[in-house]
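We count residues from 1, following the sequence as given. What you are looking at is a predicted structure, and each value in this text was computed from that prediction instead of being measured. Ligands are counted one by one from 1 in listed order, and the atoms in each one are counted from 1 as well. As a basis for the values below, the full set of heavy atoms in this structure was taken, side chains included, without hydrogen atoms, waters or symmetry mates.
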Amino acid sequence: MFKKGEKMALAKSLKMFLTIFVATTCIYMVLYQYHLSREPITQPKYIKPPLYIITPTYRRAEQLAELTRLGYTLKHVVNLLWLVIEDANQTSPLVIHTLNRIGVPYEYFLAPMPDEYKNTKKAKPRGVSNRNRGLDYIRANATSGVFYFADDDNTYDISIFEQMRYTQKVSMWPVGLVTKFGVSTPIIRNGKITGFYDGWIGGRKFPVDMAGFAVSVKFLHERPNAKMPFKAGYEEDGFLKSLAPLNLTDIELLASNCTEILTWHTQTKKNANASPLNLTLHGDTNLVSLNTFLVRT
Ligand SMILES: *[C@@H]1O[C@H](CO)[C@@H](O)[C@H](O)[C@H]1NC(C)=O
Ligand SMILES: *[C@@H]1O[C@H](CO)[C@@H](O)[C@H](O)[C@H]1NC(C)=O
Ligand SMILES: *[C@@H]1O[C@H](CO)[C@@H](O)[C@H](O)[C@H]1NC(C)=O
Ligand SMILES: *[C@@H]1O[C@H](CO)[C@@H](O)[C@H](O)[C@H]1NC(C)=O
Ligand SMILES: *[C@@H]1O[C@H](CO)[C@@H](O)[C@H](O)[C@H]1NC(C)=O
């Protein structure tokens, strides 16, 4: 047993010990806060030039599948705005639903093809309204960076996006699976463009595929009249010509001086529309929900 005096001494030293402990903790906390406040404000990380990806689309059996595939490719690319532009008179809740699910920053606009081109017996200039609408967006809303026409039915190696991001004027690179030549590309000899390799030249100055070039936003701003013509087969050529003055020597060569294929004109097999669902038979099943995702005859 402790004597009374010993008990009091013990309580006293315990009190002192606690006081020292609390005081030390407080001092450390104050010093830590001070240390934090002295840390240099973290500099904003170097921000890469923005990319504007213009994707024309239209309602068809494979539309949602294509947008899903392209969207998840674009999801690997930072500082990118996806301009999805549909040839339609009304917005599609299913397209919006798909874009929201993917989660890539996007803008969704409508740009119906004018009737005069729609009713032609000849090849239709598909996607031209859409792409010109994308250019309108860039003229109104973009000040720097680069834009690129990325159709929803192609395959893209994501490294091409990092390469095109630094385009000063116009950059070009090969596109696989174009025409019977299997590739459409500038021909490079001694580091210079000496011509174009494409199964169909058709009198074009720039016989290139839509997926084979990117343009700087600043370069577009300096050419207020540049736009894509409603001329099937000549959309790329017409647009690139409208960017005049554009010297072949100004064109930046990507994909290791056009020695690699990083974009492919895949073209999905055309799918038939789904046959109508018999609601008498299946009206109380999951097939009703699934049916909303399909394009029916
Ligand atoms: C949009 O409306 C116009 C005029 O009504 C029509 O001719 C055209 O076919 C429609 N376009 C689409 C994609 O539905
Ligand atoms: C510019 O951006 C705003 C905001 O996203 C958008 O509402 C507007 O339609 C854009 N302008 C054009 C011409 O697309
Ligand atoms: C491309 O070619 C140019 C000129 O011949 C050369 O200077 C450059 O290093 C090449 N770049 C690559 C990535 O091969
Ligand atoms: C294109 O550039 C080359 C080399 O700089 C120059 O000789 C030629 O005159 C230019 N052509 C045009 C149409 O500006
Ligand atoms: C739908 O299914 C019912 C029940 O089997 C059948 O009587 C009807 O003919 C079917 N309707 C069509 C349009 O095939």
Side-chain angles (χ1 to χ4, degrees), residues 47 49-64 66-67 71 74 79-96 98-100 102-153 215-228 230 232 235 239 242 270-292 294-297:
I47 296 176
L51 276 179
Y52 297 90
I53 306 299
I54 300 174
T55 298
T57 189
Y58 66 101
R59 184 174 155 83
R60 63 201 191 281
E62 50 278 1
Q63 180 184 31
L64 299 179
E66 305 277 42
L67 289 174
L74 298 180
N79 202 11
L80 171 149
L81 181 64
W82 192 15
L83 302 171
V84 178
I85 305 166
E86 183 156 9
D87 180 351
N89 292 317
Q90 281 146 22
T91 56
S92 157
L94 281 173
V95 167
I96 293 169
T98 304
L99 298 179
N100 287 339
I102 297 169
V104 167
Y106 74 89
E107 295 273 1
Y108 173 54
F109 295 112
L110 299 178
M113 185 189 293
D115 283 345
E116 51 181 309
Y117 306 112
K118 209 174 175 109
N119 302 329
T120 177
K121 292 258 164 6
K122 296 182 286 180
K124 292 181 183 40
R126 263 195 213 295
V128 173
S129 282
N130 319 44
R131 297 190 193 93
N132 282 329
R133 179 67 187 84
L135 295 178
D136 289 345
Y137 179 92
I138 287 166
R139 290 191 199 284
N141 286 311
T143 53
S144 65
V146 166
F147 70 91
Y148 175 54
F149 298 118
D151 288 354
D152 57 9
D153 57 348
V215 182
S216 116
V217 166
K218 198 168 152 280
F219 195 71
L220 181 78
H221 280 311
E222 290 161 3
R223 287 150 179 79
N225 298 320
K227 63 173 193 294
M228 192 166 284
F230 284 91
E235 293 93 340
F239 176 66
S242 80
K270 192 136 185 59
N271 293 274
N273 290 346
S275 43
L277 182 67
N278 186 330
L279 286 173
T280 317
L281 214 51
H282 301 295
D284 56 351
T285 72
N286 61 320
L287 296 178
V288 178
S289 301
L290 293 180
N291 202 39
T292 61
L294 306 177
V295 173
R296 278 145 296 161
T297 32

From L135 atom CG to K227 atom NZ, the distance as rounded to the nearest 0.5 Å: 10.5 Å

Enumerated ligand 2 atoms positioned under 4.0 Å from heavy atoms of F109: 9 (O), 14 (O)

Protein residue, atom and distance nearest to atom 7 (O) of ligand 1, heavy-atom basis: D115 OD1, 2.8 Å

More than 12 heavy atoms from other groups under 6.0 Å of NZ on K124: yes

Test of proximity, N89 against ligand 1: N or O pairs below 3.5 Å: yes

Proximity of M113 to ligand 1 by residue part, where a heavy atom lies under 4.0 Å: neither

Residue among D151, D152, I85 satisfying side chain to side chain contact (heavy atoms under 4.5 Å, CB included) with P56: D151

Distance in Å, Y106 OH paired with L80 CG, rounded so as to fall on 0.5 Å steps: 14.5 Å

Structural part of R139 in contact with ligand 2, heavy atom criterion under 4.0 angstrom: neither

Between E66 and T57, a side-chain donor and acceptor under 3.5 Å: no

Sub-4.0 Å atoms of ligand 1 with respect to non-hydrogen atoms of D87: 13 (C)

Nearest non-hydrogen partners of L287 and L277, listed with the distance: O-CD2, 3.6 Å

Per-atom contacts, ligand 2 versus E107 - under 4.0 Å to a heavy atom: 5 (O)

Test item: protein heavy atom less than 4.0 Å from atom 5 (O) of ligand 1: no

Interfacing atoms of ligand 2 (cut-off 4.0 Å, heavy-atom, N141): 1 (C), 2 (O), 3 (C), 8 (C), 10 (C), 11 (N), 12 (C)

Identity and separation of the nearest protein heavy atom to atom 11 (N) of ligand 5: N278 ND2, 2.8 Å

Contact (N/O only, under 3.5 Å) between R133 and ligand 2: yes

Atom indices of ligand 1, in the order listed, that fall short of 4.0 Å to a heavy atom of A88: 13 (C)

Cation-pi, F219 ring and R223 (6.0 angstrom, 45 degrees): yes

Contacting atoms of ligand 1, where contact means under 4.0 angstrom from a heavy atom of K118: 9 (O), 11 (N), 12 (C), 13 (C)

Residues, nucleotides or ligands: over 12 heavy atoms within 6.0 Å of E116 CD: yes

R131 to F239, cation-pi by 6.0 Å centre distance and 45° axis angle: no

Exercise check, heavy-atom protein proximity under 4.0 Å to atom 2 (O) of ligand 5: yes

Nearest-0.5 Å distance that lies between atom CD1 in I53 and atom CZ in F147: 10.5 Å

Atom 9 (O) of ligand 2 touched by protein heavy atom at under 4.0 Å: yes

